[in-house]
Each structure stands twice: as C-alpha cells, then as structure tokens.
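Only a predicted model underlies this, so the values are computations on that prediction, with no experimental measurement involved.
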Amino acid sequence: NSAVYVDGCRAGDFGLDTLNEHLQQPGRFIWLGLKDPNEATMKKLQKQFTLHDLAIEDALRAHQRPKIETYGETVFIVLRTVHMKAKRVELGETHFFLGSNFLISIRHKTHTGYNDVRSRCESSPHLLKKGPAFALYALMDFIVDEYFPVIQALELEVASIEEKIFHEKSRRDTTANIYRLKRQILDVKRATSPLIDVCNRLMRFDNKLIDEETRNYFRDVYDHAVRINENVDNARELLSTALDANLSMITIAQSEVGKRFAGWAAIIGVATMIAGIYGM
C-alpha cells in the first residue's frame, strides 16, 4: 500500500519507479507499506530513499530485537508484533524507516495488516498533516495495543492453572503446562521490554524528525508500554508462584502416599510378628 499525502489528504497512489517525483516536491510525504519484500525491492528502496546498508540488511533478515537506530537523516525502528492463535503466542516483526518526508513500514511473519490504521489516519487530515511522524505513532500505537488481549489471554491461562493446582489432583502435565506458559510469557517479555527504551528515544528533544507536538502522542505509547511490562512481570511472578505451589502439592501428595505405605507396613508387621512367634 503506497500513497502520497498533501496537507493530510491522500493525493493518490504511486509506484516505486515514480518515488523521486514526489520526494522532490515540498509540502508532501510518502507512506509506503510492504509485506515480506524481496531483496530486489529493498535495493530499489535503498536507492530511492538513500537508506543505510546495515538497516537494509536488518530489514531483510527479519530476526531482530526491538530497537531504534539513527542513520544520518533516517530513523530505523524494529518492533515485534504479538498475536494469540490456538492458545499459542505467534511473534512477527514490523520495521520502520522514518524520514522527513516519508514513512516505510515493512511487515514480516504477521497476517494483520495496517489498512485500518491508515484509514483512521486518513479520516483525520488535521492530524495526518503533522507528517510521517504522526503516521509512525498511529502504527506503533496499534501494535502496542495488540499486546493487551494477548497478555489478558495469558493471565486467564495462569488463573486456570492455579485452579487446577488447588482444586484438582496434581498431575505431571500441570507442570509441563506451567513451563510451556513460562516460555510464552518470556517471548512476550523479550518483545515488550525494549519498547520503553524505543519510546524514550522518540520523545527526546534532539530528534529533529519529530516535532514537539507529536512527541506528546509518543508519550501515550510509552505509558502503554510501561503498563504492558508491568502486566507481563505480574504474570511471570504468578506463574513462578504457581509452579512452587504445584511442586509443594506434589510433595504433600507423595507424603500422604508414604504415610499409607507406613501404616500398611505396620499392620502387616504385627501379623508377621505374631505368626513368627507361634511359628517358633
């Protein structure tokens, strides 16, 4: 999806071969969205937008930790996307190239597009005319908000495991489910933890690509990132407590079994003693 915007209004679509015509005209910016582009397409973008070799390499490799880097007049941002499918966490990536008159978003391993985000922005030209930085905020806000239903689903699963521990007999598969859930929460933590640093750097005053008014919007994304990390940490702590409780319940159950064996051994021991005495 690619379009050029003038004063916050969509002026039309364009092809990759006509980018320079729009980049050279003042008062407009380009918003380009790609999904799993090949190397030839990325090389063409690099030439058109003068992108750094290292950023292009990272965007093609698509196995990056969330981060923000500055290359000359361009900011390169990597975010991880999170979705829940069949009680499993699926991770994807979205890379951004932000310039003074362009925004490029590149999706990898994610089926959720950003057409709805673009439509909402286009319905508010007075906000979109702030430039590509506001479009970046809209996309980041959408990605970060997608974390909340995933974390809520994980918290419900943690509560379900706690219910099984205290109201059902402890089983070996409960411990396996706890470790499986711990791994999923760890994956989410790795995706959400760097978000705070990314938002902090976007709110700094030394970033010339984002004006002071637009920085206030990124402060909202920062607040959401802090809440998400707190929820993830709480879920991890609850799950660790549940694991300890499950192991304790297993130990108690084993102790009860040991007591039963000791009781039966005492009963059998008395009968054996009597039989032995009379036998002699």
Side-chain angles (χ1 to χ4, degrees), residues 33 35 62 64-68 77-96 98 103 105-124 127 133-163 177-203 210 214-243:
K35 183 180 186 300
Q64 304 297 319
R65 184 178 182 270
K67 62 180 180 178
I68 177 171
I77 301 172
V78 178
L79 294 183
R80 302 297 300 271
T81 58
V82 177
H83 302 282
M84 205 73 175
K85 184 177 181 181
K87 293 186 177 182
R88 293 187 63 85
V89 175
E90 291 190 350
L91 299 175
E93 289 185 27
T94 300
H95 301 176
F96 299 100
L98 176 67
L103 174 66
S105 65
I106 302 173
R107 294 188 293 127
H108 292 282
K109 297 180 181 179
T110 175
H111 300 290
T112 302
Y114 303 135
N115 289 332
D116 293 339
V117 180
R118 188 187 290 259
S119 299
R120 286 198 299 269
C121 291
E122 291 175 352
S123 65
S124 304
L127 296 175
F134 180 82
L136 173 64
Y137 151 74
L139 290 172
M140 288 184 61
D141 184 61
F142 176 79
I143 292 174
V144 172
D145 286 346
E146 288 292 305
Y147 283 93
F148 286 106
V150 174
I151 295 173
Q152 184 178 8
L154 293 175
E155 289 175 342
L156 291 175
E157 196 165 351
V158 172
S160 176
I161 288 177
E162 290 179 333
E163 188 76 14
N177 288 334
I178 291 175
Y179 276 102
R180 176 186 58 81
L181 193 56
K182 282 177 69 72
R183 173 174 290 184
Q184 295 190 50
I185 292 178
L186 181 60
D187 289 338
V188 175
K189 179 64 177 179
R190 288 172 178 169
T192 59
S193 180
L195 281 175
I196 296 178
D197 179 62
V198 172
C199 294
N200 267 326
R201 293 187 59 183
L202 289 173
M203 291 188 300
I210 302 176
T214 309
R215 290 192 190 104
N216 295 327
Y217 293 95
F218 286 101
R219 198 168 287 119
D220 177 66
V221 180
Y222 171 81
D223 292 338
H224 289 180
V226 171
R227 285 177 52 197
I228 289 169
N229 277 279
E230 290 177 351
N231 291 342
V232 172
D233 290 337
N234 291 337
R236 292 181 67 187
E237 186 175 352
L238 286 174
L239 199 58
S240 297
T241 304
L243 179 59

Seminar exercise, completed: Rounded to the nearest 0.5 Å, the CD1 atom of Ile151 sits from the CZ atom of Phe148 at a distance of 6.5 Å
Exercise. So Arg120 and Val117, side chain to side chain contact (heavy atoms under 4.5 Å, CB included) or not? Walk me through it.
Worked result: CA-CA 5 Å; Arg120 286 198 299 269; Val117 180; 3.7 Å; yes
Exercise. Just how far is it from atom NE2 of His108 to atom OG1 of Thr81, taken to the nearest 0.5 Å?
Worked result: 10.5 Å
For this session: Go through the side-chain N and O atoms of Arg219 and Asn216 and say whether any donor and acceptor fall under 3.5 Å apart.
Result: yes
Exercise. Is there a donor-acceptor contact under 3.5 Å from the side chain of Asn229 to the main chain of Thr192?
Worked result: yes
Considering only distance and modelled atom types, tabulate donor-acceptor pairs under 3.5 Å from the side chains of residues 134-147, sequence neighbours left out.
from	atom 1	to	atom 2	distance (Å)
Asp145	OD1	His224	ND1	3.1
Tyr147	OH	Arg80	O	2.3

For this session: With rounding to the nearest 0.5 Å, note down the distance linking CG in Asp233 to CD1 in Ile228.
Result: 12.0 Å
For this session: Please check if atom NZ in Lys109 has more than 12 non-hydrogen atoms from other residues, nucleotides or ligands closer than 6.0 Å.
Result: no
Exercise. Do Asn200 and Met203 come within less than 4.5 Å of each other through their side chains, counting heavy atoms only?
Worked result: yes
Exercise. Who pairs with Asp116 by side chain to side chain donor-acceptor pair (under 3.5 Å), at least two apart in sequence or on another chain?
Worked result: none
Problem set entry | Point-to-point distance, once rounded to the nearest 0.5 Å, from NZ of Lys35 to CZ of Arg107 | 5.5 Å
For this session: Give the intermediate values and the outcome of side chain to side chain contact (heavy atoms under 4.5 Å, CB included) for residues Thr94 and Ile106.
Result: CA-CA 5 Å; Thr94 300; Ile106 302 173; over 6 Å; no
Exercise. Is there side-chain contact between Met84 and Val89, with heavy atoms separated by less than 4.5 Å?
Worked result: yes
Exercise. Going by heavy atoms in the side chains, are Leu202 and Ile77 under 4.5 Å from each other?
Worked result: yes
Exercise. Which atoms form the tightest heavy-atom contact between Lys67 and Val198, and what is the distance?
Worked result: C-CG2, 3.9 Å
Problem set entry | Arg201 versus Ile68, closest heavy-atom pair with distance | NH1-O, 2.7 Å
Problem set entry | Smallest separation among heavy atoms of Phe218 and Ala133, with atom names | CZ-O, 3.6 Å
For this session: Mind listing the closest non-hydrogen atom pair of Arg88 and Gln184 along with its distance?
Result: CA-OE1, 3.6 Å
